[in-house]
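Reviewing the structure listed below.
Note on naming: letters A, B, ... go to the chains in the order of the sequence lines (proteins, then strands), and numbering restarts at 1 for each one.
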2 protein chains.
Amino acid sequence: MAKGLTKRSVDYSQWYNELVIKADLAENSAVRGCMVIKPYGYAIWEKMQQQLDKMFKETGHVNAYFPLFIPKSFFSKEADHVEGFAKECAVVTHYRLMNDPDGKGVVVDPDAKLEEELIVRPTSETIIWNTYKNWIQSYRDLPIKCNQWANVVRWEMRTRLFLRTAEFLWQEGHTAHATKEEAIEETETMIKVYAEFAEKYLGVPVVQGVKTANERFAGALETYTIEALMQDGKALQSGTSHFLGQNFAKAFDVKFASKEGTEDYVWATSWGVSTRLMGALIMAHSDDYGLVLPPKLAPIQVAIVPIYKSAEDLAKISEKVDVIVKNLKDRGISVKFDDSDNRKPGWKFAQYELQGVPVRLAVGPRDIENNTIEVARRDNLTKEVVSIENIDAYVADLLEKIQDGIFQKALDFRSEMTTQVESYDEFKKVLKEKGGFILAHWDGTSETEQKIKDETKATIRCIPLEGDKTPGKCIVTGNPSKQMVLFAKAY
Amino acid sequence: MAKGLTKRSVDYSQWYNELVIKADLAENSAVRGCMVIKPYGYAIWEKMQQQLDKMFKETGHVNAYFPLFIPKSFFSKEADHVEGFAKECAVVTHYRLMNDPDGKGVVVDPDAKLEEELIVRPTSETIIWNTYKNWIQSYRDLPIKCNQWANVVRWEMRTRLFLRTAEFLWQEGHTAHATKEEAIEETETMIKVYAEFAEKYLGVPVVQGVKTANERFAGALETYTIEALMQDGKALQSGTSHFLGQNFAKAFDVKFASKEGTEDYVWATSWGVSTRLMGALIMAHSDDYGLVLPPKLAPIQVAIVPIYKSAEDLAKISEKVDVIVKNLKDRGISVKFDDSDNRKPGWKFAQYELQGVPVRLAVGPRDIENNTIEVARRDNLTKEVVSIENIDAYVADLLEKIQDGIFQKALDFRSEMTTQVESYDEFKKVLKEKGGFILAHWDGTSETEQKIKDETKATIRCIPLEGDKTPGKCIVTGNPSKQMVLFAKAY
């Protein structure tokens with residue numbers, strides 16, 4: 001295992017916290033709850049952004065940018081939204097500092113008080129719908145399908161790097177439609193985009209479903225979610241897509257003239273994923289040696305380490321490696337030839353292991369003689385010595401295998417950790433002894449949901465869209481249940 | 001000219017304000033001084049970002065992300081910086097809202113007052129150097145070359161879309177070096193990167209130079225700038241790169257152990273460009289018909305408008321156009337075939353003109369017969385009918401010509417609008433009657449600089465790095481001058 005890294009089996013939570021720091025992904029800042037995303041962590045986030053952005057554009061969305069600040073009064077306009085969002089947030093009350101008359105520091109200028117306080121956006125529905133009001137007059141102006149990449153702030157009391165921070169980075173899509181059907185279709189399209197991204201890029205299998213009323217986004221009529229399972233058997237909500245009905249259109253008086261000349265409120269959706277995905281990525285795949293990154297999101301896909309004693313050895317190795325580097329780059333593979341002389345090969349091996357580089361190549365003098373190269377896989381920690389001929393094709397193929405393998409491993413783990421239970425006793429037993437996802441019948445009431453949560457800390461992660469839809473009887477009340485729902489303890 | 005757009009000759013300022021709105025680039029929001037960047041404007045900004053980001057990475061930089069908030073006390077640590085930046089800024093004093101006990105709105109919870117106020121970053125030197133302190137122990141940790149894409153807030157009282165807004169988007173590079181020489185080299189490298197970007201991508205010629213002490217960034221020992229000339233003869237500072245010496249290292253106690261075992265403070269630079277570049281882009285090239293975009297930054301490089309009466313006509317045209325679209329896309333050219341039937345061709349022509357699409361193609365039934373196509377250039381408003389054969393190669397070549405032509409036109413304008421003067425009377429006369437850049441000798445004192453500013457509103461834009469370096473005599477005091485400096489009225 002990596003030097004000084006707590007084992008997952010000893011303390012999973014501690015392992016995560018240490019790994020984020022040791023792998024140089026992020027750290028806490030001087031501002032409570034706000035993180036610094038370090039270059040290596042940010043490079044992974046950038047790869048996520050690029051892929052998501054591409055998928056958003058392919059599904060007809062455009063990017064835009066809306067203000068960081070929201071007038072306080074906007075939060076009072078949508079009744080449910082105010083309950084959910086206008087609470088723990090950063091409030092700007094003044095717009096000027098002045099020299100402290102009594103010292104050498106600065107103090108808030110009491111004369112520079114804002115007439116109306118501004119809230120640092122916790123999410124942008126209100127300011128965006130206030131803007132859309134001016135953009136929409138007729139059906140010809142619809143649909144509007146905007147996305148925004150931005151920072152948001154929610155004043156969380158207990159924070160953890162990536163998983164829950166006061167400031168985080170995210171994207172938020174906000175769309176406006178002429179019909180209910182079109183808005184629902186958009187909501188469903190976007191949760192599918194998120195699921196595809198999670199599975200094909202993050203390598204994390206997800207359950208798609210809808211949230212219960214209790215767990216819905218504040219102001220939504222329906223919240224779709226993707227739920228992922230972490231290695232400790234806890235669920236991580238990884239992306240949500242909300243059908244907002246006409247709630248925000250009504251709150252901000254956004255009407256449009258239809259083709260038929262009637263007037264109606266506009267239908268809305270919003271959807272988002274955040275730097276929380278970094279947490280999902282780390283917790284789903286990594287091990288006691290460090291990060292395990294899926295090749296598609298790895299900033300460095302291949303690291304090449306020369307093993308040499310003399311300058312002559314290095315020259316011979318470099319000559320061979322330069323060709324490999326060129327061939328890999330021509331295939332669009334990101335590669336780092338680490339010929340720095342201030343660290344030993346063993347140190348470099350451990351470092352690339354810690355940082356989750358999917359493939360490590362090592363070349364020594366004997367390899368040059370034999371025309372071979374050592375290939376090490378990060379995902380399963382296997383090594384083999386192969387011919388240096390066509391190594392670029394070999395590596396390209398291996399990266400695909402690793403991407404698939406990482407997903408398959410996570411999928412197998414999830415299958416193993418998903419239990420269908422028939423009684424509340426069994427539910428509690430599984431939750432206590434095994435954890436993971438639990439499929440169980442539920443009577444559809446908030447009361448039962450709350451009782452289970454209070455007694456076990458497990459929540460309904462979602463009502464799955466796919467899978468067994470057989471009706472049954474609630475494990476708690478025995479009342480009729482339409483289908484089994486997915487329970488878990490969650491981050 | 002575009003419908004309802006004020007002519008530049010009538011009111012340049014009004015023309016700019018209207019054009020930003022009419023071309024759908026941005027608009028004012030409900031929050032004073034904060035703008036909404038609309039999808040078309042944001043698409044241009046994204047193109048700028050992509051190119052700049054590429055250039056930053058090619059010069060060895062990595063991206064990272066630092067907190068939005070800065071503890072108030074941080075601003076007191078660097079004496080000059082506090083004077084320049086800790087004044088007009090957004091101050092967060094509370095972290096919670098609560099339901100108004102007397103009504104249905106929300107009010108600030110008086111119990112949720114922060115112990116120390118947080119400032120929404122106006123620039124990030126302080127929080128970043130506070131972070132770098134933990135990253136730097138020895139020369140092995142240097143250099144650090146981070147860039148951040150972020151939003152910043154400066155509480156401007158008089159705002160104009162893109163040119164001066166309370167919140168704006170920008171990038172800020174922050175680098176740390178072991179030696180003074182290396183930091184100066186970095187500062188100079190980055191101003192050259194900005195100059196190259198401005199000239200090759202924005203198509204805007206710039207003068208590179210250093211700022212006088214009065215105009216320096218708060219906390220810098222030297223500020224390098226690129227200065228562009230707008231069509232109204234005013235200058236626009238378009239990017240700056242600062243050599244910060246050891247000021248921030250001293251303020252945040254950031255020392256490193258050198259190779260020789262001595263301990264020294266770290267050397268710093270910072271550099272940034274912002275959405276202000278959008279203002280430069282618009283004001284440098286556009287005309288009374290609307291935007292003129294350089295092809296390299298145009299979200300749509302080619303628009304194709306079919307001219308038809310019957311569905312048969314359209315079918316024939318589409319058949320030909322589909323091939324053209326494919327061929328253009330294969331060349332990496334962004335193209336829009338606008339076969340929407342709710343607008344007439346004339347309306348579409350005007351719209352693409354207003355939005356500055358560099359090349360517009362029009363195809364009618366006669367073109368199909370003759371195997372021709374009409375090509376319209378946005379930059380010089382010329383049209384010609386050419387053969388449809390190899391039109392993709394023709395257009396690719398034309399886009400390059402337009403890119404070069406736009407730059408050359410701006411360069412010619414600047415040459416014409418740059419005047420060398422020998423006396424203060426001549427200076428004032430040129431400033432009043434012609435405007436533009438004025439090259440004049442200056443004695444190097446802040447007093448003379450201030451006197452000229454007070455009397456004429458012209459400021460020293462920079463001490464140019466290139467050009468005539470002959471010494472002379474100050475136009476105001478007659479005292480010795482090392483070289484002519486660049487004056488102008490500025491945005």
Side-chain angles (χ1 to χ4, degrees), chain A residues 27 29-31 34-43 45-46 62-76 82 86-100 104-108 112 117-120 127 130-131 134 140 146 150-151 153 155 167 169 342, chain B residues 27 29-31 34-43 45-46 62-76 82 86-99 104-108 112 117-120 127 130-131 134 140 146 150-151 153 155 166-167 169 342:
Chain A
E27 64 186 34
S29 76
V31 183
C34 293
M35 64 181 159
V36 172
I37 306 179
K38 297 185 80 175
Y40 193 63
Y42 199 87
W45 174 241
E46 273 185 310
V62 289
N63 287 328
Y65 189 77
F66 299 87
L68 171 66
F69 300 127
I70 302 179
K72 192 190 63 180
S73 58
F74 280 25
F75 284 95
S76 311
V82 64
K87 290 295 150 70
E88 308 298 323
C89 49
V91 186
V92 177
T93 56
H94 291 74
Y95 59 84
R96 191 185 300 131
L97 295 177
M98 52 187 269
N99 290 324
D100 186 350
K104 61 177 194 163
V106 282
V107 293
V108 176
E117 295 89 347
L118 296 173
I119 312 306
V120 179
I127 188 89
N130 186 68
T131 305
N134 303 317
R140 281 190 216 89
C146 284
N151 53 346
V153 173
W155 208 264
E167 182 192 15
L169 303 185
N342 56 350
Chain B
E27 64 185 33
S29 77
V31 183
C34 292
M35 64 181 159
V36 171
I37 306 180
K38 298 185 78 174
Y40 192 63
Y42 199 86
W45 174 241
E46 273 184 310
V62 290
N63 288 327
Y65 188 77
F66 298 87
L68 172 66
F69 300 126
I70 302 179
K72 191 190 65 180
S73 57
F74 280 26
F75 283 96
S76 311
V82 63
K87 290 297 152 68
E88 308 299 324
C89 50
V91 185
V92 177
T93 56
H94 291 74
Y95 59 85
R96 192 185 299 131
L97 295 177
M98 53 185 270
N99 291 325
K104 59 176 194 164
V106 282
V107 292
V108 177
E117 295 89 348
L118 296 172
I119 312 304
V120 179
I127 189 88
N130 185 68
T131 306
N134 302 318
R140 282 189 216 88
C146 284
N151 52 346
V153 173
W155 208 265
E167 182 192 16
L169 303 185
N342 57 352

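Counting heavy atoms from C-beta on, the side chains of Tyr95(A) and Glu88(B) come closer than 4.5 Å. Counting heavy atoms from C-beta on, the side chains of Glu117(B) and Val106(A) never come closer than 4.5 Å. Put simply, the side chain of Phe66(B) does not reach to within 4.5 Å of the side chain of Ser29(A), judged on heavy atoms.
Chosen from Leu169(B), Ile127(B), Thr131(B), Ile70(B), the residue pairing most often with chain A at heavy-atom distances under 4.5 Å is Leu169(B). For the set Asn99(A), Val62(A), Asn342(A), Asp100(A), the entry with the most heavy-atom pairs within less than 4.5 Å of chain B is Asn99(A). Per-residue counts of heavy-atom pairs under 4.5 Å with chain A were compared for Ser76(B), Pro67(B), Cys146(B), Ala43(B); the largest is that of Pro67(B).
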**OP:** May I have the step-by-step check of side-chain contact (heavy atoms from CB on, under 4.5 Å) for Val91(A) and Thr93(B), ending in yes or no?
**Re:** CA-CA 6 Å; Val91(A) 186; Thr93(B) 56; 5.5 Å; no
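Here Glu167(B) contributes atom CD and Leu68(A) contributes atom CG; the two are 4.5 Å apart, rounded to the nearest 0.5 Å. One finds the CG atom of Asn134(B) at 6.5 Å from the CD atom of Glu27(A) (value rounded to the nearest 0.5 Å). Atom CG of residue Leu97(B) and atom CH2 of residue Trp155(A) lie 12.5 Å apart, to the nearest 0.5 angstrom. Taking CG of Asn63(A) as the start and CH2 of Trp45(B) as the end, the distance is 13.5 Å to the nearest 0.5 Å.
Across all their heavy atoms, Lys72(B) and Val107(A) have their closest contact at NZ-CA, 4.0 Å. The minimum heavy-atom distance between Ile37(A) and Ala64(B), with the atom names listed, is O-CB, 3.4 Å. Of all heavy-atom pairs between Cys34(A) and Phe69(B), the closest is SG-CD1, 4.1 Å.
At a 4.5 Å heavy-atom cutoff, the contact between Leu118(A) and chain B is made by side-chain atoms alone. Residue Tyr40(A): no heavy atom, backbone or side chain, is found under 4.5 Å from chain B. With a 4.5 angstrom heavy-atom cutoff, Asn130(A) touches chain B only via side-chain atoms.
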